[in-house]
Amino acid sequence: MIPRILYLSFNDGSDMRINKELRTLSQAASVSLVAVGQDLSQFYAVDSVHKLHFVTGNRKSAGTLIRYFFTCVRLLLWHRYDSIHIINEPQLLVLWPMLWFQKHVVLDIFDSIFLRKNRPGNQSKWLKRIVYAPVDCTIVTDENRLGLLPEFLQKKSLVVPNFPHELFDSPLKVHSPHLTLMYYGWLGELRGTETARELLAADPELCVIMAGWLADDASRTLARHPRVQWLGVLPQTEAMRIAAEKADYILCVYAPINDNNINASPNKIFDAIQTLTPIVINAEVKVSDFVKANKIGFVLDRYRPSDYISLCRTLFSQRESYEFDVSLRKKYTWKNAESALLKAHGLHQ
């Protein structure tokens with residue numbers, strides 16, 4: 001009998017990691033998905049799931065929230081699944097009473113609320129025991145974030161890295177006369193927007209290619225800048241193709257305001273390896289050590305550099321000086337991460 005998985009995602013299906021997980025799980029199980037968004041055409045994983053429960057509406061609307069969680073509760077009460085896959089702790093907390101009656105619960109932590117509150121490891125251990133009580137297996141994106149879980153949870157946790165879907169056939173890059181940055185993904189003031197704005201102000205010829213989810217007013221304003229090419233939400237392969245062809249650097253900075261940002265695990269690092277496009281990241285982010293060690297990008301000495309004009313000149317002069325090891329491209333692909341995801345659900349390749 002084919003295993004049945006209920007995948008709960010408060011997303012419209014355009015998230016790159018969610019798409020990869022759904023495609024992998026659907027090859028080994030019958031996957032039912034609850035998702036939410038305003039436009040089903042943005043739902044890139046629609047062909048990957050066996051049953052889609054799509055809640056139409058604005059994710060910031062109270063009415064949409066109620067309808068989404070009512071749908072989740074109805075499915076949890078009236079259907080029996082072999083495994084429940086739930087994204088992040090807020091959903092876990094809302095559905096906490098319903099999850100006790102399930103056979104197997106997998107919590108997939110993208111952005112931990114405890115790291116946002118600077119409470120890593122065994123801090124607030126009593127509260128974490130309550131929050132994570134229904135969970136049978138936890139997924140995190142790298143070994144560093146695994147070590148930030150409480151000890152009792154580490155014992156039933158797995159690492160599923162955020163690698164690109166496959167080895168990317170990177171086209172020949174065409175450098176323009178000016179500096180071009182690619183800024184995509186989750187777009188927020190303290191996770192790239194501020195830096196892009198300062199660089200645009202420092203270099204009157206610099207251009208930014210921008211795509212993804214606009215998280216705040218500052219990012220929406222940046223998208224309208226005359227030297228910003230705004231592309232909306234794109235599939236990962238399309239964003240990678242544009243980066244490979246046109247971008248001198250991929251922007252990937254995080255304000256060091258909490259443990260979640262400092263311990264970020266961005267897929268852009270592995271996108272950079274596949275597209276042969278160096279990354280720009282700040283030294284406060286721990287994964288910047290990996291960037292420096294493998295010489296795959298430029299590491300800012302701090303989140304807010306003292307001289308953006310000099311920084312632009314340096315980035316321009318060094319944009320063709322990066323070499324990417326072929327072995328890294330072969331190592332960091334999704335096929336090398338799939339087995340851990342399947343294991344989390346008790347499935348096998």
Side-chain angles (χ1 to χ4, degrees), residues 11-12 14-16 37-39 42 58-60 110-111 116 175-236 238-258 260-262 264 266-269 271-272 275 277-285 288 297-316 319:
N11 180 265
D12 62 2
S14 57
D15 183 271
M16 299 173 187
Q38 293 180 294
D39 186 359
Q42 294 286 349
N58 189 323
R59 284 178 285 174
K60 295 181 180 180
F110 287 22
D111 292 302
R116 288 182 178 179
H175 291 286
S176 63
H178 53 261
L179 193 64
T180 302
L181 303 180
M182 183 81 179
Y183 174 39
Y184 65 100
W186 192 92
L187 310 172
E189 174 70 2
L190 298 180
R191 287 172 63 171
T193 294
E194 177 185 15
T195 303
R197 185 174 60 246
E198 293 291 346
L199 291 170
L200 284 163
D203 183 346
E205 296 186 334
L206 181 145
C207 292
V208 175
I209 302 171
M210 189 172 171
W213 303 276
L214 298 167
D216 50 34
D217 289 338
S219 301
R220 284 184 279 273
T221 299
L222 179 66
R224 297 192 295 269
H225 191 284
R227 280 182 284 122
V228 169
Q229 183 182 3
W230 168 240
L231 303 176
V233 179
L234 296 176
Q236 182 185 25
E238 179 65 11
M240 291 175 67
R241 182 192 65 78
I242 294 169
E245 290 181 353
K246 301 179 179 180
D248 296 313
Y249 295 89
I250 295 173
L251 187 61
C252 182
V253 295
Y254 294 81
I257 56 174
N258 56 39
N260 195 53
N261 279 7
I262 292 170
N267 62 284
K268 296 184 188 70
I269 288 178
D271 291 354
T275 63
T277 307
I279 201 163
V280 177
I281 193 168
N282 51 305
E284 296 97 335
V285 182
S288 66
F298 186 90
V299 179
L300 303 172
D301 58 355
R302 57 182 178 273
Y303 171 69
R304 291 189 176 96
S306 58
D307 188 344
Y308 283 95
I309 295 176
S310 295
L311 172 61
C312 289
R313 291 171 181 165
T314 301
L315 290 175
F316 184 82
R319 64 178 180 168

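Small disclaimer: the values here were computed from a predicted structure and weren't measured.
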Subject >> Test side chain to side chain contact (heavy atoms under 4.5 Å, CB included) applied to L200 and H225, step by step >> reply: CA-CA 9 Å; L200 284 163; H225 191 284; 4.1 Å; yes
Subject >> All side chain to side chain donor-acceptor pair (under 3.5 Å) counterparts of N258, not counting sequence neighbours >> reply: none
Please examine the side chains of [Y] and [X], heavy atoms only from C-beta on, and report whether any two atoms are closer than 4.5 Å.
X: Q229; Y: C207; value: no
X: L222; Y: M210; value: yes
X: L311; Y: F298; value: yes
X: V233; Y: W213; value: yes
X: Y249; Y: L251; value: no
X: V228; Y: Y183; value: no
X: S288; Y: N282; value: no
X: D248; Y: F316; value: no

Pairing of [X] and [Y] as salt bridge, 4.0 angstrom limit:
X: R220; Y: D217; answer: yes
X: E198; Y: R304; answer: no
X: E238; Y: R241; answer: yes

Hey, what do you get for [atom1] ([X]) to [atom2] ([Y]), rounding to the nearest 0.5 Å?
X: T275; Y: K268; atom1: OG1; atom2: NZ; answer: 12.5 Å
X: T277; Y: L181; atom1: OG1; atom2: CG; answer: 11.5 Å
X: R191; Y: N261; atom1: CZ; atom2: CG; answer: 5.5 Å
X: R197; Y: S219; atom1: CZ; atom2: OG; answer: 8.5 Å
X: R319; Y: S176; atom1: CZ; atom2: OG; answer: 5.5 Å

Nearest atoms (heavy-atom pairs only) where [X] meets [Y]:
X: D271; Y: M240; result: OD1-SD, 3.8 Å
X: V253; Y: G192; result: CG2-CA, 3.6 Å
X: P256; Y: Y303; result: CD-CB, 3.7 Å
X: A211; Y: W230; result: CA-CZ3, 3.7 Å
X: I281; Y: C252; result: CG1-O, 3.1 Å
X: M182; Y: A243; result: CG-CB, 4.1 Å

**OP:** Assess whether side chain to side chain contact (heavy atoms under 4.5 Å, CB included) is satisfied between L199 and D203, documenting all intermediate values.
**Re:** CA-CA 6 Å; L199 291 170; D203 183 346; over 6 Å; no
Original post:
T193 side chain to A218 main-chain N or O, any donor-acceptor pair under 3.5 Å?
Top reply: no
Original post:
Has R313 got more than 12 heavy atoms of other residues, nucleotides or ligands less than 6.0 Å from its CZ?
Top reply: no
Subject >> Verdict with reasoning, Y254 to N260, per side chain to side chain contact (heavy atoms under 4.5 Å, CB included) >> reply: CA-CA 9 Å; Y254 294 81; N260 195 53; over 6 Å; no
Original post:
Y308 and T195: side-chain donor and acceptor closer than 3.5 Å?
Top reply: no
